[in-house]
Amino acid sequence: MKPAVSRRAGLLAAGAATVTVVLWASAFVAIRSAGEVYSPGALALGRLLSGVVVLGLICLVRREGLPPRSAWRGIALSGVLWSGFYTVALNWGEREVDAGTAALVVNVGPLLMALLASRLLGDVMPPRLPAGMAVSFAGAVTVGLSMSGGGGASPLGVVLCLLAAVAYAAGVVAQKPALGRASALQVTTWGCAIGAVVCLPFAGQLAHEAAGAPLSATLTMVCLGVFPTALAFTTWAYALARTTAGRMGATTYAVPALVVLMSWPALGEVPGALTLAGGALCLAGVAVSRSRARDTTAVPPAEPHEHPARR
């Protein structure tokens, strides 16, 4: 690949990852808002159905066919775990904790993602990952014991967010091989469709709650499907196809800070001091896991007659 082409591809992938991070951060705030009206399962189904409609129309316009048979296993696992289970667990968790706290806890997911990708995909695991995971887990426990948003950070909410993080990590690792066999749009569309099928048992709740919901809450749910789901999941898949799962997971480390900044003016929620301390521990664990041991190997000097460029 030519350097200019490689640089352009890298910039496009970085741009796609940035779009994903910003939209996913907004999702935590939108879920907290719409969750006051819609129950967790109904909100997940409404969000996924909205996303599938948009993605389906794009597939029709682009004449995208069905993914190849070899990609379906990864798409199905990702759809069940990430689009389905993760979405419901996160919606439920955000009924118990505020948006910033949920983002801090779910941000343990990238560490789990790096560990799973190392074991299952052969990605290079950062040497300090186990220590980083321990520090981040301590941070999650601290968040769970803290006071946040004027009330207690429910242990149930923290556990649900941790379960969402596990599903998110497993879903991404399952998705990665599928992206080598199908396009990002195909993987995203059919993953969301499978997630919607998983959430179909909540169809009755969705119909009942939508009938009495204010228009603003329903529009928020639809926007969750269009932007943080249809658009952001596609940009995520595009970027993930061009790098490792561990590195893509690292791009989401900025999400909690963005969520806190967004939820303060939008929801009036500011995590308490102990919650922020727990979040700092989570991020410190990330820093430890991504750090590299100092290389103390001495580099032998070049011979006097040897030109460096000819080594």
Side-chain angles (χ1 to χ4, degrees), residues 12-13 16-17 19-21 23-24 27 31 40-91 109 113 116-117 120-121 163-203 206 221-245 248-249 251-252:
L12 287 173
V19 170
T20 300
V21 166
L23 291 178
W24 281 357
I31 289 170
L43 180 57
L45 178 58
R47 171 182 179 176
L48 289 169
L49 288 176
S50 300
V52 168
V53 169
V54 173
L55 290 167
L57 290 174
I58 296 174
C59 283
L60 288 175
V61 171
R62 291 177 56 88
R63 297 183 179 179
E64 291 273 353
L66 290 173
R69 183 180 301 177
S70 59
W72 276 105
R73 181 184 177 188
I75 292 172
L77 286 172
S78 177
V80 171
L81 293 171
W82 194 6
S83 298
F85 184 87
Y86 166 85
T87 307
V88 176
L90 178 60
N91 291 349
M113 191 188 306
L116 289 173
L120 301 177
L121 302 180
L163 289 174
V166 173
Y168 156 49
V172 169
V173 173
Q175 185 189 64
K176 175 65 176 175
L179 289 166
R181 301 174 175 90
S183 70
L185 182 58
Q186 287 174 325
V187 171
T188 303
T189 301
W190 290 102
C192 286
I194 291 171
V197 170
V198 170
C199 293
L200 279 179
F202 303 108
L206 175 60
M221 179 176 66
V222 172
C223 286
L224 275 168
V226 175
F227 297 105
T229 303
L231 177 57
F233 274 54
T234 303
T235 53
W236 165 274
Y238 175 88
L240 179 61
R242 289 157 178 79
T243 185
T244 65
M248 270 305 292
T251 64
T252 65

Which heavy atom of [X] sits nearest to which heavy atom of [Y], and what is that distance?
{"X": "Phe85", "Y": "Ala167", "answer": "CD2-CB, 3.5 Å"}
{"X": "Gly191", "Y": "Ile75", "answer": "N-CG2, 3.7 Å"}
{"X": "Thr189", "Y": "Gly56", "answer": "CG2-N, 4.4 Å"}
{"X": "Thr87", "Y": "Ser83", "answer": "OG1-O, 2.6 Å"}
{"X": "Ala182", "Y": "Pro67", "answer": "CB-CB, 4.0 Å"}
{"X": "Leu224", "Y": "Arg47", "answer": "O-NE, 3.5 Å"}

Next on the checklist: Checking Val88 against Cys199 for the side-chain contact (heavy atoms from CB on, under 4.5 Å) test, could you report, in this order, the C-alpha distance in whole Å, the side-chain angles of both residues, the deciding distance, and whether it holds?
Outcome noted: CA-CA 8 Å; Val88 176; Cys199 293; 3.9 Å; yes

Distance in Å, [X] [atom1] paired with [Y] [atom2], rounded so as to fall on 0.5 Å steps:
{"X": "Leu48", "Y": "Met221", "atom1": "CG", "atom2": "CE", "result": "11.0 Å"}
{"X": "Leu231", "Y": "Thr20", "atom1": "CG", "atom2": "OG1", "result": "7.5 Å"}
{"X": "Leu55", "Y": "Glu64", "atom1": "CG", "atom2": "CD", "result": "11.0 Å"}

Checklist entry - Does CH2 belonging to Trp190 count more than 12 external heavy atoms closer than 6.0 Å? => result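 No.
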
Checklist entry - How are the rings of Trp24 and Phe233 set relative to one another: parallel (under 30°), tilted (30 to 60°) or perpendicular (over 60°)? => result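 If you compare the ring of Trp24 with that of Phe233, the planes turn out perpendicular.
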
Checklist entry - Should the ring pair Trp236 and Trp82 be called parallel, tilted or perpendicular, given that the plane angle runs from 0 to 90° and is split at 30 and 60? => result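 Judged by the thresholds at 30° and 60°, the geometry between Trp236 and Trp82 is perpendicular.
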
With a 4.5 Å heavy-atom cut-off, do [X] and [Y] have their side chains touching?
{"X": "Thr188", "Y": "Tyr238", "value": "no"}
{"X": "Leu57", "Y": "Val61", "value": "no"}
{"X": "Ser78", "Y": "Val187", "value": "no"}

Checklist entry - Does the side-chain contact (heavy atoms from CB on, under 4.5 Å) test come out yes or no for Leu200 and Leu45, once each step is laid out? => result CA-CA 7 Å; Leu200 279 179; Leu45 178 58; 4.3 Å; yes

